[in-house]
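Taking it in order: structure first as C-alpha cells, then the write-up.
We use all heavy atoms of the structure for the numbers below, so side chains are in, but hydrogens, waters and symmetry mates are not. Numbers restart at 1 for each chain; the letters A, B, ... are given by sequence-line order, proteins then strands.
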2 protein chains.
Amino acid sequence: MNEGQIELLRGTLDMLVLKIVALGPSHGYAIAQRLQQISKDFFQVHQGSLYPALHRLEDRGWLRAEWKESETGREAKFYSLTKKGRRQMEEEARNWDRLCDAVALVLSAQEMAS
Amino acid sequence: MNEGQIELLRGTLDMLVLKIVALGPSHGYAIAQRLQQISKDFFQVHQGSLYPALHRLEDRGWLRAEWKESETGREAKFYSLTKKGRRQMEEEARNWDRLCDAVALVLSAQEMAS
DNA sequence: TCATATATGTCGACTTCCTAGGTGTTGCGA
DNA sequence: TCGCAACACCTAGGAAGTCGACATATATGA
C-alpha cells in the first residue's frame, strides 16, 4: 500500500499540468492519466485537486478551454496552452531546476571543520 | 529584487531544517542563516514559517529542544536531532529523490508519435 | 540615544491539497 | 435487462503550511 507519494507537493501540480497540456491539447480526465503514465505511477492526481487546478490555470490565462468530442466519442473539455501559459511553464520549470540545485546543496552539505 | 524563490515549496521546509540540524545542534536564528548560506541565498526562511516549523518538528518527536547559551552569549533554544528525526530526514530525502525523478520524467516528456 | 543585530514567538490571511460527495453517459457482462 | 465499471465533469469543507505583520527583549556600536 501507499505506493507513489503520500501527497502531491504543493505548487508542483500547476507546472506538471501545464507541461502535459504542452504535449498536446487534452481534457482533464486524460491529463490525469497521462501524468500518471509518464511518471510511472508516481503522480496520482485526485479529481478534487485536478479540476480546481484546471479552472485556476484557465482563470490566470495559462490555459484555454474548448468543448470537443473525445477519443471515446463523448463531449469533453479540451485544454490547450496559451502563449502566456507556455511562458509560465518555462519559468516554473526553470524555478524547479533552481530549487533542485538548492535542495541538493543542502542535502549534500557536510559539517564544517572549524 | 525577488532573487531567491517566491515562496518556499510547501513540505520542503521540514526536510531542510532536519538536515541543517543534522549538521550539528543549532538554534532557530542560526538555522535560518545556515540554510540561506548553504543554499547560496536561495532559501530565505521567514520567522513566521521557521518557528512554527520548529515547534511542529519538536511535537512530532523529530527534534529535541534545550535552552543554552549561544555563540554571542545569549540564551537560545538549541535543537538537536532525535533518532526518529534522523530516520524521518532520511526518508524525506529518499522521497525527494523519487519526486525529482518523477518530475524529470514529466518535464522531459516528448509528444508521442502515434 | 538610537538603530541594528540577535533571538523568540504569535496571529490571521491565503493558497492548495485531500476526502467525500454529487451528476450523467456509455459499454459490457451476467 | 440490470448493474457495474469506466469515462467525464464538478463542488464543498477541512487540513496543512507559508507569509506578512506584529510583538517582545537584550546587546552592541555609532
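- Going from atom CG of A/L50 over to atom P of D/dC10 covers 9 Å, rounded to whole Å.
- Judged as a ring-ring contact (aromatic ring centres under 6.0 Å, His included), and not counting sequence neighbours, B/Y29 has no contacts.
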Could you tabulate the donor-acceptor pairs under 3.5 Å formed by side-chain atoms of residues 45-68 of chain B, not counting sequence neighbours?
from: B/H55; atom 1: ND1; to: B/Y51; atom 2: O; distance (Å): 3.3
from: B/R56; atom 1: NH2; to: B/D14; atom 2: OD1; distance (Å): 2.8

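- Taking 4.0 Å as the cut-off between side-chain N and carboxylate O, B/R10 and B/E7 count as a salt-bridged pair.
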Inset, instruction - Go along nucleotides 7-17 of chain C 5' to 3' and tag each nucleotide: B for a protein heavy atom under 4.0 Å from its base, S when only backbone or sugar atoms are that close, - otherwise. - result: BBBB----BBB

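- Side-chain atoms of B/L99 and B/V103, non-hydrogen and from C-beta on, do get closer than 4.5 Å to each other.
- In this structure, the side chain of B/S26 does not engage the main chain of B/A30 through any donor-acceptor pair within 3.5 Å.
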